[in-house]
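Here is how names work: the chains are called A, B, and so on, in the same order as the sequence lines, proteins then strands, and each is numbered from 1.
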There are 2 protein chains.
Amino acid sequence: MARKSKIQSDRPTLVDVAREAGVSAITVSRTIRSPEIVSERARRKVEEAIRKLGYTPDPAASALASRSTSTIGLLVPSLTNNVFADVLRGVYEGVEGTRFFVQIGNYRYSALSEEGLIRNFLSQRPAGLIVSSMDQTPAGRKLLEEAPCPVVQIMETSVDSVDMSVGFDQLEAVRAAARHVAECGYRRPGFLSARMDPRAQRRLAAFREVAAAHDMLDEARIITTPQPSSVGMGRHLLEQLLARAPETDAVICNNDDLAVGALMEAIRRNIAVPEQLGICSYNDIEMARHMVPALSAVATPRREIGRRAIAMLLAEIEAPGSVRERHIDLGYELVVRESTSSR
Amino acid sequence: MARKSKIQSDRPTLVDVAREAGVSAITVSRTIRSPEIVSERARRKVEEAIRKLGYTPDPAASALASRSTSTIGLLVPSLTNNVFADVLRGVYEGVEGTRFFVQIGNYRYSALSEEGLIRNFLSQRPAGLIVSSMDQTPAGRKLLEEAPCPVVQIMETSVDSVDMSVGFDQLEAVRAAARHVAECGYRRPGFLSARMDPRAQRRLAAFREVAAAHDMLDEARIITTPQPSSVGMGRHLLEQLLARAPETDAVICNNDDLAVGALMEAIRRNIAVPEQLGICSYNDIEMARHMVPALSAVATPRREIGRRAIAMLLAEIEAPGSVRERHIDLGYELVVRESTSSR
DNA sequence: TTGAAAGCGCTAACAA
DNA sequence: TTGTTAGCGCTTTCAA
């Protein structure tokens, strides 16, 4: 009646390691989590036993007992948008080599899905959360505010963010693009935007504001679509723009895909860029600078946002309350290339 | 001495729900997992109690007790490579609305990291695993073979895959590109490839084979780099190619980024595409068809691979052994556009 | 520095 | 259809 025999699962447990090493289970646990508080001798025996048995801790048991995990939840609105690909890269660079691992939730630009994902992540007791928007549902926002872990909101600057934030001033960035176009001497600029999520809406509003201030706002030159951004969509939107407002002499694109598409459409139509049509892009992903003509753009610090967000989060996890600078503005940069020029 | 009082964590548990509903804990558990085996009456009381208390199950406890999770591990070699962005999209489409969620591991084209990630995922007792390569380390492969969950290998067709597979014949796809170029009448084709992982190596070998068969192989026209693929790298590689082999009359690019870069470089140099230089791309991401001239390419079924992989995996998880077609070849398609033409 | 005892919140296995 | 019992593998707490 060997009650204690392992019936199935040949996977070794902490107790197996303890037996092998001739110590107690808790000593093994401590050897793994804080080796510095275990005696040299015990530590060596335990490490030896772990190696011998090929022991791997069970994260579920650990999570249950300690009420916390090593998971960092990352909520993004899209996986295909290159902008977030760069953010992801920064985040992964930052967790590499730590005990944490990232779990991505894709809410597909739906605040309701985002709320569901927040709930789902929270139920897993994550070590921390990174969210890509400031536009949660009220319930979603409340969940974040009461989250029992640090939270970093990324992409925008924000005074009323839930906890910490890393981003840049998206509105000022768009204004810089609009001002640049005006300073080049373009007088009838259009604005192209896809995927009209709240952030895109705000950027459009910022464009309107600057365009109006320069007395060059015409609603007929604002072309938007709720559909996702893509190069094809950029071509399509420019086509619509030119049909509605042939006088257009410049376009600001809310995204690089769109700008590349607009450029290609202009080339197809033998419209000279930047002479007949100026193009200014937003974000400045790698390909933008290699187009012919090279695209002028407002460059946004996407990868750095990912890096800093994870760094803040890890610091805050290790020592709650230790992060002094809780709201980081990484700025943006206007990069003037060939697709815009003084006239 | 109320021993049972909850000291901290105000989060309600299964037992709290059970008490509230006037049933046992296991009935609550069943109501959540398989409501159909619980009486109408009990179910209603439990649902009511769950709502009232705002109960959310603790996945860690569930994982520990049941020895399995709802996590699906997805191992990719890169997060920035558009190819995998499309695969991801397909995968996420497939898990949407199921009880599973995807956890991504990025092994950065390092088989050793991949092995570590496999180990790490496995320690979490995932419901299933999707891996993007056939090139594991021996230890990595062994881990997959002995994995206590279904495994799908994606991207290539394979007879000796670990468990299930979804992909297409990468070598045949490259051969199709090479044949197409030959049939167009180009006689001195080059080959551009970045990130020389094992798969890229194999594709290069396939190109060599066809080029040799058509008597148009010249090693001087094969330009590769271990660095990551990018549009800028495409420009750079074409530059090198033309410096080494000015007679080149076509290039096959191992990737769309490279092809776009090569096209841009050709345009910069006033080389007429497709007349002086034919360009054939690989994968055919969305942007390829919108370039001017539009890129001819071998289109690969990336999103569909993601969709099918997750579908197979879920079917196999629900009913082990139930999946009949365990190796799916999704094929590829040669799409002839403007960047190649008969001469 | 080490250990014993007592759970963490859930589910498997069996019994009623 | 429902309940009882006994853990899952780890960490917390307290004591030695």
Side-chain angles (χ1 to χ4, degrees), chain A residues 1-46 50 53 55-70 99 123-125 148, chain B residues 1-46 50 53 55-70 99 122-125 127 148:
Chain A
M1 284 287 193
R3 240 47 170 54
K4 295 200 168 182
S5 73
K6 323 223 81 91
I7 324 258
Q8 42 221 68
S9 180
D10 46 358
R11 193 170 152 177
T13 71
L14 208 55
V15 172
D16 297 327
V17 175
R19 193 180 306 122
E20 176 75 30
V23 298
S24 70
I26 187 63
T27 297
V28 177
S29 176
R30 288 200 266 249
T31 305
I32 292 168
R33 288 177 302 149
S34 8
E36 69 281 5
I37 65 166
V38 172
S39 72
E40 178 75 25
R41 196 159 145 280
R43 192 170 68 228
R44 264 208 292 267
K45 284 191 298 181
V46 170
I50 287 178
L53 300 181
Y55 170 73
T56 333
D58 182 329
S62 166
L64 182 57
S66 70
R67 294 122 176 288
S68 76
T69 65
S70 299
R99 68 185 183 87
S123 78
Q124 294 178 59
R125 310 178 184 280
Chain B
M1 284 290 192
R3 247 28 178 61
K4 295 200 166 182
S5 73
K6 325 226 77 95
I7 325 257
Q8 42 221 67
S9 180
D10 46 359
R11 192 169 154 179
T13 71
L14 208 56
V15 172
D16 297 326
V17 175
R19 194 180 305 124
E20 176 73 30
V23 298
S24 71
I26 189 68
T27 298
V28 177
S29 176
R30 290 202 264 249
T31 305
I32 292 168
R33 289 177 302 150
S34 8
E36 68 282 4
I37 65 166
V38 172
S39 73
E40 178 77 24
R41 194 159 148 280
R43 192 170 67 229
R44 264 208 294 267
K45 285 191 297 181
V46 169
I50 287 177
L53 300 181
Y55 170 74
T56 332
D58 182 329
S62 168
L64 184 57
S66 71
R67 293 128 173 290
S68 77
T69 65
S70 298
R99 69 186 182 88
L122 250 23
S123 79
Q124 294 178 60
R125 308 178 184 282

Rounded distance in Å - CZ (A:Arg43) to C1' (C:dT1)
13 Å
Which is more 5' along DNA chain D, the nucleotide nearest B:Ser66 or the one nearest A:Ala65? Just name the residue.
B:Ser66
Should A:Arg33 be listed as having a side-chain N or O under 4.0 Å from OP1 or OP2 of D:dT11?
yes
C:dT2 phosphate, OP1 or OP2: any side-chain N/O from A:Ser39 under 4.0 angstrom?
yes
Rounding to an integer number of Å, can you tell me how far B:Arg67 CZ sits from C:dT11 P?
14 Å
Mind calculating the distance between CD (A:Gln124) and P (C:dC8) to the nearest angstrom?
21 Å
Sugar-phosphate, base or nothing in reach of A:Pro59, heavy atoms under 4.0 Å
nothing
Taking CD from B:Glu36 and C1' from D:dT1, how many angstroms apart are they, rounded to a whole number?
13 Å
Which parts of residues 22-31 of chain A get close to DNA chain D, meaning a heavy atom less than 4.0 angstrom away?
A:Ile26, A:Ser29
Heavy atoms of B:Pro12 and B:Leu53 approach each other most closely as CG-O, 3.5 Å
Could you tell me which non-hydrogen atom of B:Thr69 sits nearest to which non-hydrogen atom of B:Gln124, and how far apart they are?
CG2-O, 3.2 Å
For A:Arg11 and A:Pro59 the tightest heavy-atom approach is NH2-CD, 4.4 Å
Could you list all the salt bridge (Lys or Arg N to Asp or Glu O under 4.0 Å) pairs where at least one residue sits in residues 55-64 of chain A, not counting sequence neighbours?
A:Asp58-B:Arg125
Between P on D:dC10 and CD1 on A:Ile32, what's the gap in Å once rounded to a whole number?
8 Å
Expressed as a whole number of angstroms, how long is the span from A:Ile37:CD1 to D:dT11:P?
12 Å
Between D:dT2 (C1') and B:Arg41 (CZ): distance, integer Å:
12 Å
Please find the pair of heavy atoms, one from A:Pro57 and one from B:Ser123, that lie closest to each other, and give the distance.
O-CB, 4.1 Å
Starting at CG of B:Leu14 and ending at C1' of D:dG3, how long is that distance when rounded to a whole Å?
13 Å
Between B:Ile50 and the options B:Thr56, B:Ile32, B:Leu14, the side-chain contact (heavy atoms from CB on, under 4.5 Å) test singles out B:Ile32
Looking at B:Val46 and B:Val17, what are the two nearest heavy atoms and their distance?
O-CG1, 4.2 Å
Starting at the 5' end of DNA chain D, which residue's closest nucleotide do you reach first, A:Leu64 or B:Ala42?
B:Ala42
